[in-house]
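Labels below follow one simple rule: chain letters A, B, ... track the order of the sequence lines, proteins then strands, and each chain is numbered from 1.
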Amino acid sequence: MGYEPNIIEPKWRKVWNEAHLNEARDDSARPKYYCLDMFPYPSGSGLHVGHWRGYVLSDVFSRYKRLRGYEVLHPMGWDAFGLPAENDAIKKGIHPSVGTARNIANFKLQLEQMGAMFDWTREINTSSPEYYKFTQWIFLQLFDMGLAYRKEMPINWCPSCKTGLANEEVVDGACERCGAEVTKKNLNQWMLRITAYAERLLTDLETLEWPDKVKKMQANWIGKSEGARIRFAVKGDTDQQIEVFTTRPDTLYGATYMVLAPEHPLVEVITTVEQHAFVQKYVREALAKSALTRQMQDKSKTGQFTGAYAINPINDEALPIYIADYVLMDYGTGAIMAVPGHDERDFAFAVAYQLPIRRVIAEKGVAANVPLKEAYTGEGLLVHSAAFDGLSITEGKRAILAHLEASGRAEAVVSYKLRDWVFARQRYWGEPIPLIHCASCGTVPVPESDLPVLLPDVERYEPTGTGESPLAAMESFVQTTCPKCQGPARRETDTMPQWAGSCWYFLRFADPHNQEQLFSKEKVDHWLPVDMYIGGVEHAVLHLLYARFFTKVLYDRKVISFNEPFLRLFNQGMLTLNGAKMSKSKGNVVSPDELVERYGTDTVRLYELFVGPPEVDAEWNPRAIDGMARFLSRVYRLMEERTVHAVGRQHAERAVLKARHRLIKQVTERIESFRFNTVVSAFMEFVSVMNDQSGALDRETLEAFVICMSPLAPHLAEECWRMLGHKTSVFLAEWPVFDPSYLQEDEVEIVIQVNGKIKDRVTVAMDAPLDALLEQVKARELVDRALAGKAIVKPIYVPGKLLNLVVR
RNA sequence: GCCGGGGUGGCGGAAUGGCAGACGCUGCGGACUUAAAAUCCGCUGGGGGAAACCCCGUACGGGUUCAAGUCCCGUCCUCGGCACCA
């Protein structure tokens with residue numbers, strides 16, 4: 001017969017489905033394990049082999065955990081709101097839900113033929129009203145907690161997508177989605193106060209078993225810095241003061257000028273009549289620069305003197321006040337004290353505008369008066385700082401801050417780079433924000449009993465580009481009554497960003513069909529947190545930060561009893577073809593569909609694992625998959641030829657026993673540590689040893705082999721399991737244990753080195769004593785030749801491994 | 001500029017400080033076959049040698065060690081993240 005994957009694979013999938021083998025039971029006595037994939041956005045182009053990679057990893061791990069005795073929750077769903085569906089709808093004139101449903105059907109078909117043990121009874125779709133009803137409910141909690149607020153401010157705006165963007169969605173000044181250059185637009189926006197959680201989002205990272213890289217990326221994004229807020233009076237204007245944020249209060253004596261961001265509200269107030277025209281011109285030019293040019297251009301410094309002076313609170317020195325676009329309005333206070341001697345940017349500005357540069361920190365052994373050729377940012381002691389001279393930087397920070405605090409002119413503060421989250425989108429295909437604007441009651445939440453606020457059918461999906469969503473044009477949607485006063489009112493017409501649904505979907509999987517609440521607390525506390533989360537590193541800050549934020553909010557709201565959603569995170573590397581990330585636009589995608597048809601799912605699964613270390617990017621080699629197909633055929637043949645005999649065989653050869661226990665050990669250890677490429681190698685070596693054996697193989701060995709293989713090649717393993725006479729699924733079996741005593745060698749080949757160079761090999765007893773070994777070794781010709789005329793200074797003996805003779 | 005990851009055969013990669021190149025792909029040779037495919041077996045880092053064997057070799061330069069792909073210092077290249085964050 002031979003190995004016919006296209007027959008056995010659908011056969012066993014059907015059997016598994018009918019036996020409900022992939023379903024996670026809420027009431028199981030087994031310990032739970034929650035293994036989650038980052039759920040996909042169902043795009044029109046379907047899955048390629050790169051997408052498969054993460055799903056294969058998680059499925060192997062899930063199946064392994066099941067065999068280790070866990071009740072495994074391994075669900076799948078659809079992140080179905082999003083711009084591509086909407087853009088497609090605009091182009092083709094069909095409703096986004098139609099295209100989305102079609103894409104989901106296609107994705108599901110592809111995922112099913114992957115043979116993964118997804119529990120499809122828990123499938124969810126973020127764009128279904130049953131789901132987004134609760135996304136809206138969560139928004140109402142945020143609103144009630146004061147974490148959702150509306151503010152008019154210049155936000156990132158993508159002119160191509162015609163919507164506002166969160167900070168996290170701007171990459172190198174361009175829209176993360178479409179690559180268009182992002183501009184600023186003044187909009188009255190719904191924001192989420194994620195900054196209120198900055199400290200917890202940062203410190204709780206320590207509790208997570210995540211790649212360091214991702215933790216660092218989040219920590220950097222949050223960008224905590226500890227420093228001081230210091231107030232400088234404006235000279236001649238007792239009403240005004242300039243508040244600055246600095247991490248270096250120790251350098252206060254080195255401040256030689258001040259800088260305000262061009263947008264700073266005080267600019268208007270303090271600028272002198274003579275400077276007014278210049279300042280106005282500079283502000284206009286600065287605002288006209290896009291985020292891209294302001295950030296990405298060369299770092300040459302420009303600015304403009306305001307004509308005003310500030311008073312240094314430590315020594316009453318008058319400091320000229322400039323405006324310059326190297327100071328950003330939305331970090332710190334939008335104003336700085338400039339210390340050119342010890343800050344590179346201030347140094348560059350001071351040089352350009354011929355401002356004084358003063359040394360206030362000196363390294364040990366450097367005189368206080370040595371002029372600075374560049375900003376000195378290293379360690380040292382305070383100089384030119386009056387009573388504070390001689391203090392270290394750390395002491396200086398504390399002492400100067402304490403001095404200013406005493407007179408109420410400064411305080412210690414912590415600053416974060418993280419900004420609040422622009423949460424409104426001026427697009428159609430998203431969750432309507434469940435709020436109502438009433439002329440007399442203000443902004444009123446939609447009552448919970450009225451949820452969901454259904455996304456209405458509109459005739460035109462086109463974004464207006466005016467900062468209003470397409471929903472605004474739909475009077476039947478907009479016009480409503482105020483839940484409070486019953487007077488006429490208008491609905492909020494902005495929708496939520498695509499991230500909203502994915503901020504809590506992992507919770508919904510615990511109780512996906514609950515109509516009354518977003519989930520039962522009991523079920524969510526049983527299954528969550530997620531034990532293993534697998535997905536691409538591209539979500540390191542976006543989705544993962546937002547989901548952590550939502551989790552903490554729900555925890556504070558006592559909706560759940562844990563405050564981190566994902567205990568362990570694994571980022572699979574991407575697959576490349578011709579060195580480039582697979583993408584439809586580059587035309588270098590490899591579709592799994594034809595491969596499955598040609599080789600069978602198990603072969604494709606195996607190659608996805610074998611292609612390289614799972615966390616590293618790997619190049620897809622279209623030829624190498626043949627090797628996996630050959631290997632699985634060999635497995636099938638081995639089973640076919642040996643099974644008949646295996647049933648009766650009682651005793652295994654020692655070599656077989658050893659290979660069996662070695663296989664179990666290696667596979668177990670390597671799956672646990674996610675070294676799947678070497679798991680595959682272990683199987684190949686094992687099969688090769690079996691093929692070298694003549695005659696029948698014993699049942700126990702074959703069974704151990706089949707169980708170990710079942711997470712990787714589930715269909716073939718099931719077929720082999722039944723060949724061995726079993727009437728129930730291999731996935732109901734138990735993972736085999738290895739006995740280290742079989743791995744003990746009596747005799748080993750050890751390497752003989754002379755001065756570290758390999759000269760010979762001898763086979764000796766495992767515990768051969770050094771003396772006897774030396775005698776034996778000296779008698780050997782190769783060793784003798786290398787020793788000629790030399791004396792052994794020291795023998796280094798590692799029993800079972802090597803003998804190194806150090807000679808002179 | 002700052003913070004990470006990585007440089008090992010023709011290719012993907014393997015190697016608790018202890019035999020570098022497991023396993024697979026490619027290529028070459030052989031068996032089977034009327035023939036081909038499939039399958040099976042052997043070889044496949046570089047140089048020298050008839051052979052036994054010898055020398056070189058994990059980006060580059062140093063160091064630690066009996067012993068370094070692995071640890072330490074420096075350099076180069078490459079990929080990713082952040083980027084005027086005071």
Round to a whole Å and report the spacing from [atom1] of [X] to [atom2] of [N].
| X | N | atom1 | atom2 | answer |
| --- | --- | --- | --- | --- |
| A/Phe245 | B/C84 | CZ | P | 16 Å |
| A/Trp221 | B/G80 | CH2 | P | 18 Å |
| A/Glu263 | B/C84 | CD | P | 14 Å |
| A/Phe683 | B/C23 | CZ | C1' | 13 Å |
| A/Leu802 | B/A20 | CG | P | 10 Å |
| A/Glu619 | B/C11 | CD | P | 13 Å |
| A/Asn621 | B/C23 | CG | C1' | 14 Å |
| A/Gln666 | B/A22 | CD | C1' | 10 Å |

What nucleotide, of [options], holds the atom closest to the side chain of [X]?
| X | options | value |
| --- | --- | --- |
| A/Arg634 | B/C3, B/G24, B/C66 | B/G24 |
| A/Gln753 | B/G18, B/A83, B/C84 | B/G18 |
| A/Arg675 | B/A15, B/C82, B/C25 | B/A15 |
| A/Ile758 | B/G4, B/C19, B/A86 | B/C19 |
| A/Asp343 | B/A86, B/C19, B/G18 | B/A86 |
| A/Ile336 | B/U26, B/C55, B/A86 | B/A86 |
| A/Asp325 | B/C84, B/U26, B/G24 | B/C84 |
| A/Arg785 | B/C53, B/C23, B/A86 | B/C53 |
| A/Lys759 | B/C55, B/C19, B/C3 | B/C55 |

Under 4.0 Å, counting only non-hydrogen atoms across every strand here, what does [X] touch: a base, just sugar-phosphate, or nothing?
| X | answer |
| --- | --- |
| A/Asn804 | base |
| A/Asp346 | nothing |
| A/Ser225 | sugar-phosphate |
| A/Pro613 | sugar-phosphate |
| A/Ile796 | base |
| A/Arg761 | base |
| A/Val751 | base |
| A/Met337 | nothing |

Is the side chain of [X] donor-acceptor paired with the backbone N or O of [Y] at a distance under 3.5 Å, no angle test?
| X | Y | answer |
| --- | --- | --- |
| A/Ser385 | A/Tyr253 | no |
| A/Tyr257 | A/Tyr322 | no |
| A/Thr251 | A/Val339 | no |

Could a donor-acceptor pair under 3.5 angstrom be found where the side chain of A/Lys801 meets the base of B/C19?
no
Now, which nucleotide makes the Watson-Crick or G-U wobble pair with [N], with each of the two distances under 3.5 Å?
| N | value |
| --- | --- |
| B/G45 | B/C56 |
| B/A22 | none |
| B/C76 | B/G7 |
| B/A83 | none |

Taking the six-membered ring of A/Phe349, is NZ or CZ of A/Lys301 closer than 6.0 Å to its centre and within 45° of its axis?
no
Do the side chains of A/Arg358 and A/Glu317 get close enough for a salt bridge, i.e. N-O under 4.0 angstrom?
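Salt bridge flag = yes for A/Glu317 with A/Arg358.
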Hey, is A/Arg53 close enough to A/Glu608 for a salt bridge, meaning N to O under 4.0 Å?
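Not counted as a salt bridge, because no side-chain N and carboxylate O are separated by less than 4.0 Å.
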Between A/Ile625 and A/Leu782, which residue's closest nucleotide on RNA chain B lies nearer the 5′ terminus?
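Closer to the 5' end of RNA chain B: A/Ile625.
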Mapping A/Val611 and A/Asn220 onto RNA chain B by nearest heavy atom, which one lands closer to the 5' end?
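Its nucleotide being nearer the 5' end, the pick is A/Asn220.
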Nearest-Å distance once atom [atom1] is located in both [N] and [M]:
| N | M | atom1 | result |
| --- | --- | --- | --- |
| B/C77 | B/U65 | C1' | 29 Å |
| B/C54 | B/A59 | P | 25 Å |
| B/G21 | B/G46 | C1' | 13 Å |
| B/G29 | B/G18 | C1' | 36 Å |
| B/C66 | B/G61 | P | 23 Å |
| B/C23 | B/U44 | P | 12 Å |
| B/C11 | B/A22 | P | 15 Å |
| B/G81 | B/G17 | P | 31 Å |

Below 4.0 angstrom from OP1 or OP2 of [N], is there any side-chain N or O of [X]?
| X | N | result |
| --- | --- | --- |
| A/Lys757 | B/C56 | yes |
| A/Asn677 | B/C23 | no |
| A/Arg630 | B/C25 | yes |

Hey, is B/G12 sitting syn or anti, using the within-90° cutoff around 0?
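What B/G12 shows is an anti base, its glycosidic angle lying more than 90° from 0.
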If we ignore angles and hydrogens, is there a donor and acceptor under 3.5 Å between the side chains of A/Glu199 and A/Tyr416?
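Present: a donor and an acceptor within the cut-off.
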Mind checking whether A/Phe245 and A/Tyr331 have parallel, tilted or perpendicular rings, split at 30° and 60°?
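The rings of A/Phe245 and A/Tyr331 stand perpendicular, inter-plane angle above 60°.
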Could you tell me if the side chain of A/Val267 sits less than 4.5 Å from the side chain of A/Pro262, heavy atoms only?
no
